[in-house]
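Being a predicted model, the structure only gives us computed values, none of them experimental.
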Amino acid sequence: MEAVAAGLIGLLVSFLLIFGLDRIWQTPGWARLLILLGGVSLFAGFAPYWLHRWIWGHRHEGQIARLIARRFPGLGDRLLGVVELQLQDETDDSLSPRLRAAAMEVVASEAGKRNLGEALPTPKHLKWGLAAIMLMGLVATAFMLTPKAGFNALERWLNPFSETERYTFTQLESPIGYLAVPYGEAFDVSLQLSKTSEQRPDSAQGQYGLQPEVIAKLKGSTYNFKFPGQQESGTVVFRIGDLRHILKVEPMQRPSVDATKALVDYPEYMGIPDREVDLTTGEL
């Protein structure tokens, strides 16, 4: 029960960790893989400890006597003495089999009056089981309250390197990732909330590089941001509720006229061939 509970706790904690991190940022694939492996390997790491605690550490009579000595020091020491006595060679003339048998009977009589079960290691299966039940309750609550986020986190947890985007309670309608703006001129950015967005924050923040944040209020379903003129390419990071959207911005010069020409077509009766005129002054 301890081993099973430990395995469940590892899996549940790793899933809840992915679920929680995805509410804050886009958890990368390598981090999700490490968290999954950590949760799965908890049982693998707990198994040797469990085997040593209940099996390897108590295989021999001497080990059991030392275990009893922790709870009943006097009895444990005498049990260790009896263990040593029974291992002695009876062919040795210096030994008295009757005295040894009498000593063993005395210790056996004293041990029979004790509840040796009290000397066993304290079982922790109830605590581990209760912890596993509480974690299962948290997972069930997460799926009941936010089923879309729960199944999304489950998919990203089971398949760390999948292309599945994290689920956010705030969603945008067709967000753009690149925008060309006039060089050195102020520009506007409008972000519209999706109709399926579960959250509709009253305000949103946008930050161009390390510049001060620009705050926009929600009007209808749209946030309208106005940024100062820029001369170098950069990135705008928008934060709307639990959503983090990145927009790459490239300032570009406005289109200009490099050259203008006019094609002069004379009436046929004049007999003058058509010709091109360079409009260097911009006037004809």
Identify the heavy atoms of [X] and [Y] that sit nearest to each other, and give their distance.
X: S194; Y: R200; result: O-NH1, 4.0 Å
X: T222; Y: S190; result: CG2-CB, 4.1 Å
X: F19; Y: A153; result: CD1-CB, 3.8 Å
X: G129; Y: A5; result: N-CB, 3.9 Å
X: Y208; Y: S233; result: OH-C, 3.6 Å
X: I240; Y: A204; result: CG1-CB, 3.4 Å

Judged by atom type as modelled, is there a donor-acceptor pair below 3.5 Å linking the side chain of [X] to the main-chain atoms of [Y]?
X: E232; Y: Q230; answer: no
X: T146; Y: A142; answer: yes
X: Q199; Y: T170; answer: no
X: S197; Y: Q171; answer: yes
X: H245; Y: G177; answer: no
X: R32; Y: I18; answer: no

Linked, directly or transitively: [X] and [Y] (ILVMFWY side chains, under 4.5 Å):
X: W128; Y: V139; result: yes
X: I133; Y: L16; result: yes
X: F15; Y: V40; result: yes
X: V264; Y: M270; result: yes
X: L172; Y: I176; result: yes

Show, in sequence, the C-alpha distance, side-chain angles and deciding distance for L135 and V13, and conclude whether the side-chain contact (heavy atoms from CB on, under 4.5 Å) test is met. CA-CA 7 Å; L135 289 172; V13 168; 3.7 Å; yes

Mind checking the [atom1]-[atom2] spacing from [X] to [Y]? Nearest 0.5 Å is all I need.
X: L79; Y: F72; atom1: CG; atom2: CZ; result: 10.5 Å
X: L191; Y: E173; atom1: CG; atom2: CD; result: 12.0 Å
X: Q205; Y: R239; atom1: CD; atom2: CZ; result: 8.0 Å
X: L116; Y: I68; atom1: CG; atom2: CD1; result: 4.5 Å
X: L12; Y: L17; atom1: CG; atom2: CG; result: 12.5 Å
X: E198; Y: D242; atom1: CD; atom2: CG; result: 9.0 Å

Would you call [X] and [Y] a side-chain contact if the rule is heavy atoms closer than 4.5 Å?
X: R254; Y: P182; result: yes
X: D188; Y: N224; result: no
X: V214; Y: K226; result: no
X: L21; Y: I35; result: yes
X: L138; Y: T141; result: no

Verify the neighbour count for atom [atom1] of [X]: are there more than 12 heavy atoms of other residues, nucleotides or ligands below 6.0 Å?
X: R244; atom1: CZ; value: no
X: D202; atom1: CG; value: no
X: M136; atom1: CE; value: yes

inquiry  = Under the criterion side-chain contact (heavy atoms from CB on, under 4.5 Å), I'd like the reasoning laid out for V189 against V249: C-alpha separation, chi angles, the key distance, then a yes or no.
reply    = CA-CA 10 Å; V189 177; V249 176; 5.9 Å; no

Residue pairs passing the side chain to side chain donor-acceptor pair (under 3.5 Å) test with at least one member in residues 147-158, sequence neighbours excluded, are S14-W157, D22-R156, E155-T164

query: What do you reckon, are the aromatic ring centroids of F225 and F238 less than 6.0 Å apart?
result: yes

Note to self: Please list all pairs meeting ring pair (Phe, Tyr, Trp, His ring centres under 6.0 Å) that have one or both residues in residues 248-268, counting only residues at least two apart or in different chains.
What the structure shows: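 Found none.
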
